Protein chains: 4
Amino acid sequence: MVAVVIHWIQLIRHTAYNESMSKRDKSATREKILNAAEDVFSEKGYHDSLMDDIVVASDTSKGGLYFHFPSKETLFMALLDRLAESLLKDVEKEIEKNKGAVAKIQAALEAVMMALSKRRRLAKILLRQGYGLPKFEEKRLEMFDKFASLIERYLEEAVDEGSIPPLNAKITAYAWLGALNELVVRWLFLKEPHPIKESLPALLPLFLRGIGINYVDQ
Amino acid sequence: MVAVVIHWIQLIRHTAYNESMSKRDKSATREKILNAAEDVFSEKGYHDSLMDDIVVASDTSKGGLYFHFPSKETLFMALLDRLAESLLKDVEKEIEKNKGAVAKIQAALEAVMMALSKRRRLAKILLRQGYGLPKFEEKRLEMFDKFASLIERYLEEAVDEGSIPPLNAKITAYAWLGALNELVVRWLFLKEPHPIKESLPALLPLFLRGIGINYVDQ
Amino acid sequence: MVAVVIHWIQLIRHTAYNESMSKRDKSATREKILNAAEDVFSEKGYHDSLMDDIVVASDTSKGGLYFHFPSKETLFMALLDRLAESLLKDVEKEIEKNKGAVAKIQAALEAVMMALSKRRRLAKILLRQGYGLPKFEEKRLEMFDKFASLIERYLEEAVDEGSIPPLNAKITAYAWLGALNELVVRWLFLKEPHPIKESLPALLPLFLRGIGINYVDQ
Amino acid sequence: MVAVVIHWIQLIRHTAYNESMSKRDKSATREKILNAAEDVFSEKGYHDSLMDDIVVASDTSKGGLYFHFPSKETLFMALLDRLAESLLKDVEKEIEKNKGAVAKIQAALEAVMMALSKRRRLAKILLRQGYGLPKFEEKRLEMFDKFASLIERYLEEAVDEGSIPPLNAKITAYAWLGALNELVVRWLFLKEPHPIKESLPALLPLFLRGIGINYVDQ
DNA sequence: AATGAATGAGAATTCATTCAT
DNA sequence: TATGAATGAATTCTCATTCAT
């Protein structure tokens with residue numbers, strides 16, 4: 001008898017639940033966890049962040065966390081994906097505002113550095129957390145690849161346009177990202193030089209003259 | 001009379017001591033541990049390396065390890081110091097073989113990449129292990145600073161010589177190291193592009209034209 | 001309508017909850033651990049008792065133990081609290097059976113010694129384990145204080161009644177407890193003199209005459 | 001050949017050593033170690049005191065310590081013996097100054113409390129360190145026995161003199177020591193009541209009336 | 001989907017003791 | 001006797017993950 005009532009209750013509760021949860025909001029819990037994870041990982045780094053920290057920060061529960069993400073690694077990877085996607089979208093938007101391959105290249109470099117210097121937590125996770133281990137390193141390489149492809153494409157366009165002489169676009173893109181990365185990290189941990197105020201003005205001529213554009217600071 | 005004999009004894013003992021000491025060279029155990037740590041850390045990364053692994057690899061003992069290095073962190077830091085020092089010495093030697101600031105700059109870039117690509121384990125530890133945490137990140141920044149200073153010095157010399165136009169030498173040095181770092185890490189984990197065969201030939205014109213040298217590949 | 005059903009459900013669930021809870025009685029695991037800790041600590045002493053011993057004896061798990069008690073020290077303190085509370089309750093019950101301050105004092109002394117000599121393990125832990133370190137010593141002093149307060153109260157009552165001349169009730173209480181403690185410990189480790197058969201009959205006249213009662217053995 | 005010389009050297013050194021060490025000074029090192037051990041044990045307690053702490057505090061060496069005391073336990077026991085002996089000697093001297101059993105009893109009680117309250121480190125070690133373990137507990141009981149015997153003797157003398165009615169001298173002695181112990185420990189850890197200023201004046205009437213002496217405070 | 005108590009294989013570090021010199 | 005580097009068994013505590021509810 002009790003069992004029947006409980007079953008009935010569950011039906012009712014389930015319905016009530018679905019009613020209160022709007023369809024668009026796929027999972028509020030999942031988002032809460034990812035947001036908390038962003039806080040925690042950027043603060044303490046991958047290894048020193050505990051699943052419990054994230055549970056507390058997200059105001060959810062152990063079981064809930066593991067329901068959405070089967071492991072710490074999975075959670076971290078999902079976070080990397082979300083951050084990279086968001087960053088990439090921002091950068092692409094900035095690029096689209098410009099016409100001409102050279103202008104787009106310049107816009108991309110500026111946008112990447114701007115985005116990272118405005119979102120320290122994101123930068124810390126994307127650039128520094130959890131690396132040294134193949135599984136994460138490959139993820140990072142994969143993310144960098146996406147940004148590199150973007151730059152590569154415009155470099156090749158510029159060559160095609162005749163705006164710059166031929167070059168190894170892929171290696172150029174990696175080198176640039178590596179340089180940006182290094183300067184953002186210095187700022188992240190040492191607070192200087194400031195990416196936008198100091199690094200970028202010095203970097204742009206270095207980069208653009210490097211590919212044969214006679215860059216002149218405005 | 002006794003005093004004379006004692007003096008004599010001391011001479012003998014001193015000699016014997018030096019003989020036996022030369023074999024063990026300033027604590028053989030300490031060296032064995034550092035060598036083993038280099039193996040283990042480069043293989044497994046900082047967090048996945050166990051003190052026990054290092055004990056076994058060094059054929060010493062738990063207590064011995066902790067006698068020489070009070071913690072895992074201390075050991076890792078000592079290892080970073082040793083590696084950076086050794087690498088820096090190699091690079092400086094290569095630089096000295098060249099005359100003229102521009103030649104020295106080029107030699108430095110080549111030497112860094114050469115050294116790293118020849119010593120994968122060293123590169124893996126120096127460039128990727130344990131980072132993300134302030135304590136280690138600061139060490140890495142400190143090591144990079146040493147290399148950057150080297151490059152910076154020759155860049156300033158080149159400006160003084162009139163070989164290149166004025167520039168922000170510090171940021172240029174960091175950018176270059178960041179670029180090298182990125183390409184070495186790609187090769188470390190993905191096996192390509194090869195630092196010496198592919199990256200360096202593309203990088204040198206990029207770098208040197210960037211600072212106003214009309215570089216032409218030989 | 002839904003609200004009504006939910007309310008109904010809650011009633012049912014609440015009942016079910018209480019039913020299942022009565023079986024486990026406020027964390028069965030916690031109790032199992034405390035019971036096991038009592039066994040182990042009394043057997044081996046604080047320092048020679050391993051957390052592993054307690055895990056095994058309680059038939060729970062390492063993690064479970066640390067879930068309930070964040071450290072060995074915490075566990076020991078919790079155990080002391082539980083034991084002292086239980087002992088105090090017993091003693092108070094015995095006291096209540098008597099009328100008149102003097103009779104109550106005598107009952108208290110008898111009850112304390114009776115309780116300790118009947119529960120050797122408890123006595124061993126309460127009187128001897130882990131002391132010498134301020135953190136534990138303060139706990140012991142705190143526990144003794146509770147017993148001392150009890151005795152103190154009746155001593156003052158007796159003075160007020162005019163049954164005994166004025167005295168320093170606090171110091172008298174501490175002195176008595178110290179004396180009982182010493183004799184119980186002797187018996188605990190040397191097996192003699194027996195607290196009830198030998199010590200108490202000698203102690204009562206000593207104590208009671210000391211406060212001005214012309215005690216005569218029955 | 002070298003072996004022969006070394007052997008010769010050893011003979012000479014051994015002789016020189018004996019010459020420089022005067023006969024009376026059985027072992028300065030041994031004393032240094034015991035003094036250091038007294039400091040360290042009283043400060044940190046038995047378990048938290050490291051052999052290394054004692055090595056450092058005594059300005060000797062690991063090997064030296066183990067030459068004189070084969071184990072930590074041995075060292076602690078030796079220290080207990082030394083302290084108890086010294087304390088007992090002091091107390092006996094005080095007793096001898098008095099004539100008559102009752103006066104001697106009172107002198108003994110005063111002397112014990114005086115000695116302990118003047119030498120906190122000694123008291124801490126003698127009364128509180130390392131107990132709970134049979135091996136140390138027996139030692140403590142043995143030490144207390146010596147003091148108890150002293151008191152017992154005078155109690156029996158007093159009975160023989162007819163100064164006090166018959167009593168169980170042994171249990172009385174233990175009870176008194178337990179009481180003193182408790183009050184000294186309270187002062188040791190809580191700083192009050194002060195043994196000489198507060199406890200003793202309240203204790204003496206309690207003790208002496210307890211054995212049938214019509215004690216009147218001066 | 002959510003909860004949080006429970007699990008247990010680690011893993012760093014400790015420290016009394018030994019031993020070659 | 002003295003030295004201090006070396007040993008390694010022992011031990012507390014950690015934390016990702018599981019699971020009954």
Side-chain angles (χ1 to χ4, degrees), chain A residues 6 10 13-14 17-18 21 27-30 47-55 60-73 75, chain B residues 13 16-17 20-21 24 27-30 33 47-55 60-73 75, chain C residues 13 16-17 20-21 24 27-30 33 47-55 60-73 75, chain D residues 6 10 13-14 17-18 21 27-30 47-55 60-73 75:
Chain A
I6 286 174
Q10 283 170 345
R13 299 190 74 217
H14 195 242
Y17 177 79
N18 279 346
M21 289 298 279
S27 172
T29 301
R30 199 188 141 92
H47 276 98
D48 290 351
S49 295
L50 309 184
M51 291 304 255
D52 267 306
D53 292 338
I54 295 166
V55 165
T60 59
S61 69
K62 262 302 205 343
L65 200 167
Y66 276 90
F67 177 81
H68 290 288
F69 304 95
S71 72
K72 187 180 179 181
E73 198 180 311
L75 169 59
Chain B
R13 300 190 74 218
Y17 177 79
S20 71
M21 258 333 241
R24 42 167 58 215
S27 184
T29 301
R30 200 189 139 92
I33 292 169
H47 278 99
D48 289 351
S49 295
L50 308 185
M51 291 304 257
D52 265 310
D53 294 338
I54 295 167
V55 166
T60 58
S61 67
K62 216 46 160 279
L65 200 168
Y66 276 91
F67 181 81
H68 290 288
F69 304 96
S71 72
K72 189 179 178 181
E73 193 180 316
L75 169 59
Chain C
R13 300 190 74 218
Y17 177 80
S20 72
M21 258 332 241
R24 41 170 54 218
S27 186
T29 301
R30 200 189 139 92
I33 292 169
H47 279 99
D48 290 351
S49 295
L50 307 186
M51 291 304 256
D52 266 309
D53 294 339
I54 295 166
V55 165
T60 59
S61 67
K62 207 64 153 273
L65 199 168
Y66 277 92
F67 181 81
H68 290 287
F69 305 96
S71 70
K72 187 179 179 181
E73 194 180 316
L75 170 59
Chain D
I6 287 174
Q10 284 171 341
R13 298 188 75 219
H14 194 241
Y17 177 79
N18 278 345
M21 289 299 278
S27 174
T29 300
R30 198 188 141 91
H47 276 98
D48 290 351
S49 295
L50 309 184
M51 290 304 256
D52 267 304
D53 292 339
I54 295 167
V55 166
T60 59
S61 69
K62 262 309 205 340
L65 200 167
Y66 275 90
F67 177 81
H68 289 288
F69 304 97
S71 73
K72 187 180 179 182
E73 197 179 312
L75 169 59

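Quick note on labels: first sequence line is chain A, next is B, and so on, each numbered from 1. What you are looking at is a predicted structure, and each value in this text was computed from that prediction instead of being measured.
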Taking every non-hydrogen atom, the tightest pair across Lys72(B) and His47(B): NZ-O, 3.8 Å
side-chain N/O Thr29(C) vs dA6(E) OP1/OP2, d < 4.0 Å: yes
Interatomic distance, Phe69(D) CZ vs dT1(F) P [rounded to whole Å]: 13 Å
Short side-chain N/O contact from His47(C) to OP1 or OP2 of dT11(F), under 4.0 Å: no
Nucleotide dA6(E), atom P - distance to NE2 of His68(C) in whole Å: 4 Å
Distance, rounded to the nearest Å, where Phe67(C) contributes CZ and dT12(F) contributes C1': 19 Å
Contact nearer the 5' end of DNA chain F, comparing Arg30(B) with Met51(C): Arg30(B)
Of the listed nucleotides dA5(F), dT11(F), dT3(F), the one nearest the side chain of Thr60(D): dT3(F)
Partner set under side-chain contact (heavy atoms from CB on, under 4.5 Å) for Thr60(C), not counting sequence neighbours: Thr29(C), Lys32(C), Ile33(C), Ser58(C)
No-H, no-angle donor-acceptor pair, Lys72(B) side chain to dT13(E) base, under 3.5 Å: no
Rounded interatomic separation in angstrom, taking CG from Leu75(C) and P from dC13(F): 10 Å
Range-with-range stems of DNA chain F (Watson-Crick or G-U pairs under 3.5 Å, three or more in a row): E:2-21 with F:2-21
Side-chain heavy atoms of Leu75(D) within contact of Leu65(D), under 4.5 Å: yes
Ser27(C) versus His68(C), closest heavy-atom pair with distance: OG-CE1, 3.3 Å
Pairwise 5' ranking along DNA chain E for Gly63(C) and Gly63(B), keeping only the more 5' one: Gly63(C)
Which nucleotide in dA11(E), dA2(F), dC15(F) has an atom nearest any side-chain atom of Leu50(B): dA11(E)
side-chain N/O Ser61(D) vs dT3(F) OP1/OP2, d < 4.0 Å: yes
Separation of dA6(E) C1' from Tyr66(C) OH (nearest whole Å): 15 Å
Distance in angstrom units between Asp52(C) CG and dT7(E) P, rounded: 14 Å
Lys62(A) (side chain) and dT17(F) (base): donor-acceptor pair under 3.5 Å: yes
Gap separating the CZ atom of Phe67(B) from the CZ atom of Arg30(B), nearest 0.5 angstrom: 11.0 Å
